[in-house]
Number of protein chains: 2
Amino acid sequence: MTAHSKHIAIVGAGLVGSLLAIYLRKRGYKVSLFERRADMRKNMLQAGRSINLALSNRGIRALEEVGLADAIRPVAIPMHGRMMHDVKGNLTFQAYGKEGQYINSVSRSNLNIVLMNKAEAEGATLHFNQRVTQIDTDKTTIAVTSPENHLEIHTFDLIIGADGAFSAIRQSLQATDRFDFSQAYIAHGYKELHIPAGTAGAFQLEKNALHIWPRQSYMMIALPNPDGSFTCTLFFPFDGETSFTALSSDHAIKDFFNANFPDAAKLMPSLLRDFYQNPTSSLVTMKCFPWVKNKTLLIGDAAHAIVPFYGQGMNAGFEDCRILNILLGKYHDQWETVLPEFQNLRKPDTDAIAQLALDNFIEMRDLVGDADFLLRKKIEAKLHSAYPDRWIPLYSMVTFNDNIRYSEAYSISRSQKKIMDEVMSRPGIETTWESLDLASIIQRLPNG
Amino acid sequence: MTAHSKHIAIVGAGLVGSLLAIYLRKRGYKVSLFERRADMRKNMLQAGRSINLALSNRGIRALEEVGLADAIRPVAIPMHGRMMHDVKGNLTFQAYGKEGQYINSVSRSNLNIVLMNKAEAEGATLHFNQRVTQIDTDKTTIAVTSPENHLEIHTFDLIIGADGAFSAIRQSLQATDRFDFSQAYIAHGYKELHIPAGTAGAFQLEKNALHIWPRQSYMMIALPNPDGSFTCTLFFPFDGETSFTALSSDHAIKDFFNANFPDAAKLMPSLLRDFYQNPTSSLVTMKCFPWVKNKTLLIGDAAHAIVPFYGQGMNAGFEDCRILNILLGKYHDQWETVLPEFQNLRKPDTDAIAQLALDNFIEMRDLVGDADFLLRKKIEAKLHSAYPDRWIPLYSMVTFNDNIRYSEAYSISRSQKKIMDEVMSRPGIETTWESLDLASIIQRLPNG
């Protein structure tokens, strides 16, 4: 069967589903997208306040491949590093990488609209308000329920579940024998808050940075929006002495923010309203295997949902699409070969980024203010500068490199950590670090 | 509210549900059990061929507490150790513990019947053919569907899900926010086979042993039944060169058994029929947390399903009931206090036995034939004999001791392993082991 005669259903017209539709249309497949929600292009209210995501090299590479890099650039705000805010409001800037390397603050809904428009322009059919309630992996059918409760059964050559962390497609697979699955919540939840633009749309904090208020056991971050505002996110324990549960009155909330985020609190006129009205959301890591059952495939968050602390959730999902497209090319669209290879190739990578994302929460909320940690970063920057291809810091491997697999980055970072632990244990390293014998350090890398 | 005025629903009248009903009746609660299946006492055919379980001290202690030890003894067959069968049919016996220590082969259905009869005798109400399709943890209601599809909603003071590894109650909890859950299958499945009794009900293998045919990557075991037969279980990879998938013809099955289990194959006249007719079942570890939501509790396999290789699944579930009963006594039936304490106390223990059960598969199928492993066991037996309270082998802590928590046993075994690794690394240990300085080894234990 040639690509042109195959009809593929993608469940979920979110970021990953829409991008995948574009890739598959470009290969010549007939593509139908089924989306549970209404068309956000016709009803922007429903999409709610724009929530921003960090778009980095892995995601950008996929957007470039489908010809969307130029469409995204005008609405992306470069963030060159972390701007740390201490409790007195003092600022410290830490570049993410080398000169010219940055991540991008983009609006989820804007990006989704660009992707949906492109998918339609390429010839994909989008069906909104269609809830997929059941699938049959033997017959490759999906049962779709409309808002009027009309149930229709559609048959396809392939079903792809791109329906996110709480995927209905994955739930169908979960009921089959020998399907491994885990969902693990962390003790912290998050709540979105708001810093409005200043006069004439001015940014009230440094525009080109990701702002962090690290407070050891919790943190707040802020990402810039094109209108001059910032979306803040408080990552905070659900329960305990310092927790969402404990912040239950105007007084408690105000006192807490004034004491711990004084510089931000001044810029948050709607703090109380936002705090009460915006939901407290939970943070979960979801893993499963297999991702494939007969001719049904899970992709993106449906296959591997991660916590947001490495800013890689969307990037990993976009990379899924790119890798799937490469395999389709390599194996001439033979899905029987592509599907098992895809899941076996990607599973270790998405497991690795899941772990790195959990680890990075500790780094962001706790270590970024730590002297030992900052010295490590300086030494690593020196190593990277002297040996740009031999010593690439973990953050750069994950964020600015799209040729190193997540699982490789993870494994290399383990070797780097062992070496750096020894270097940091040298007496007087705080004063001698600038005269380290870098060559001897590099030689200790595996294949050094 | 006193115990006497509280009405508790137990979902599942299996081993754990029935035992718990007895405990709770003895405390004075009104208890209703809802069982999806028919009453196996009236329809033994449905219960199928008797499947046997290993009952050991933790389980026996609970049965003693509810006054059932005497009822069980006549139908339990003591197994004093492992009888290993090599490929030539040579036998090696390894005692499980000291003289007089043994585990028991009991029939699941016989034991269940004893427990259901006792629950009824104590005043619990048993409802069969009642499928619990939904629960409401806010209102403490369960929706029960009869075979005639009558749906009834019942309200209780407390709901306890004892409905096994694929618990419907757990599925309801799983849909709530921040519920951690994992299901992990191993690459092996299992199939039950049969060695009939010999003439006049004679046992054709040693009666008082658990038989093992360890073959590194797979194994077969056999447990005695009161009628002189043995139930064999083949634990075998699903896929690959040597696997269930590969054994797909009369020829392949016969050749495989003759080559690898020649002594057993001779005693299995119905091998081919059993192999084709009996299902190939999968093996899963299920974990979740919390076990409590408002006034709904998960217990036994519904909270923690484990693989069968330590023979502790039922014993752990019975211990759950015993510990819950202790806490109810300690806190004067204040469930608000008991429920959170119960889950916090038991979770590390059931996680520990889950890991031990996975580890023991490797020991059973691979190590039990290994010279290094057998020497370790001999040295440990010497240590245990000289210091019976200071060095208790892991198997004995888990199986013959009911005062050491699973989590303690796990942690002690880690210390023992470190010490034994060093002892085993001593040059010439194979010849010098009988003259080891045992006191110096004992001193190296934590708190030694």
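Only a predicted model underlies this, so the values are computations on that prediction, with no experimental measurement involved. Each chain gets a letter, A, B and so on, in the order its sequence line appears, and its residues count up from 1.
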Part of B/Leu283 lying under 4.5 Å from any heavy atom of chain A: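 Contact with chain A: none, neither part.
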Give me the atom names and distance for the closest heavy-atom approach of [X] to [Y].
X        : Y        : result
A/Asp239 : B/Arg178 : OD2-NH1, 4.0 Å
B/Tyr185 : A/Asp177 : CE2-OD1, 3.7 Å
B/Gln174 : A/Gln174 : NE2-NE2, 3.2 Å

Region of A/Phe179 that comes under 4.5 Å of a non-hydrogen atom in chain B: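 When you check distances to chain B, atoms from both the backbone and side chain of A/Phe179 fall under 4.5 Å.
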Looking at [X], I want to see if its [atom1] is surrounded by more than 12 non-hydrogen atoms of other residues, nucleotides or ligands under 6.0 Å.
X        : atom1 : result
A/Glu336 : CD    : yes
A/Lys295 : NZ    : no
A/Gln134 : CD    : no
B/Gln343 : CD    : yes

